[in-house]
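Report on one structure; see the data block that follows.
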Amino acid sequence: MTITKEFLEQPTLELARQLIGKELVHETTQGTLSGKIVEVEAYKGPEDKAAHSYGGRRTSRTEIMYSAPGHVYMFLIYGMHHCFNIVSGPIGKPEAILIRALEPIQGIELMLKNRFGIKESYLRSQYRNLTNGPGKLCKAMQLNMDLYGQTLMDNHSVSIRHSQSVDDSDIIRSPRINIDYAEEHAALPYRFHLRDHPHVSKA
DNA sequence: TCAGGGATTCTT
DNA sequence: AGAATCCCTGAC
């Protein structure tokens, strides 16, 4: 069962928490790809120095963050890697949640092909390395700039499904990764991940 | 118009 | 620890 508008309208930090354990699904022409969300980070709009929308920055890149929750915010980082984000918060408040790691569920062979181009024997050893980072999961799941501005709801190619619920005691909250430039906001506990899960990004 | 830097990943 | 690699942003 797919998530609802009401689910997406939760405050950003609660939505981030609730996304842990959900299944991210991408229907491609080559098949269905999906994975369980095991790590996310919240970016809280104008008042968060780590956010692209800090200070109300509103450009063609960040524009979608000002729209309704549930839109897809894609961006390219370091000239090479895509990152997949879900717009959150009320309309006009530019918040978003970065999906940082998945546990592969469906379409694992295609994901391996997308990531490494190869080969059955290579598979097993690389399984844990398939989607354990924001750029890696985009490559594996074929998430790219074409998805910018899509909605997670209206029968688009990307969606999120409910799965088994996750207990609070299995979730770790900690500071976000690679945002040293955010000064006093670098220490905010806006990262959520499953405890001891092998597909959480290392850092 | 242009220089600087980045919500990363892979290799050395 | 350093490279790859290029779009976005803000300043000039």
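A note on names: the letters A, B, ... follow the listed sequences, proteins ahead of strands, and every chain is numbered from 1.
- Between E183(A) and K49(A) there is a salt bridge, with a side-chain nitrogen of the basic residue lying less than 4.0 Å from a carboxylate oxygen of the acidic one.
- One finds a side-chain N or O of H52(A) lying less than 4.0 angstrom from the OP1 or OP2 phosphate oxygen of dA7(B).
- Nearer the 5' end of DNA chain C, as judged by each residue's closest nucleotide, is the contact made by M80(A), out of M80(A) and M145(A).
- In Q164(A), the CD atom is not crowded: 12 or fewer heavy atoms of neighbouring residues, nucleotides or ligands sit closer than 6.0 Å.
- Using a 4.0 Å heavy-atom cutoff across all strands shown, T59(A) reaches sugar-phosphate atoms only and no base atom.
- Contact annotation: R57(A) side-chain N/O to dC8(C) OP1/OP2 distance is not under 4.0 Å.
- When each of N129(A) and Y181(A) is assigned the nucleotide of DNA chain B bearing its nearest heavy atom, the one mapping closer to the 5' terminus is Y181(A).
- Residue K202(A) places none of its side-chain N or O atoms closer than 4.0 Å to OP1 or OP2 of dT9(B).
- Nucleic acid contact class of R176(A) (heavy atoms, under 4.0 Å, all strands): none.
- R115(A) comes within 4.0 angstrom of the backbone, heavy atoms only, and of no base.
- Residue N178(A) has no polar side-chain atom (N or O) positioned under 4.0 Å from OP1 or OP2 of dA7(B).
- Contacts of G79(A) with the nucleic acid, taken as non-hydrogen atoms under 4.0 Å apart, include base atoms.
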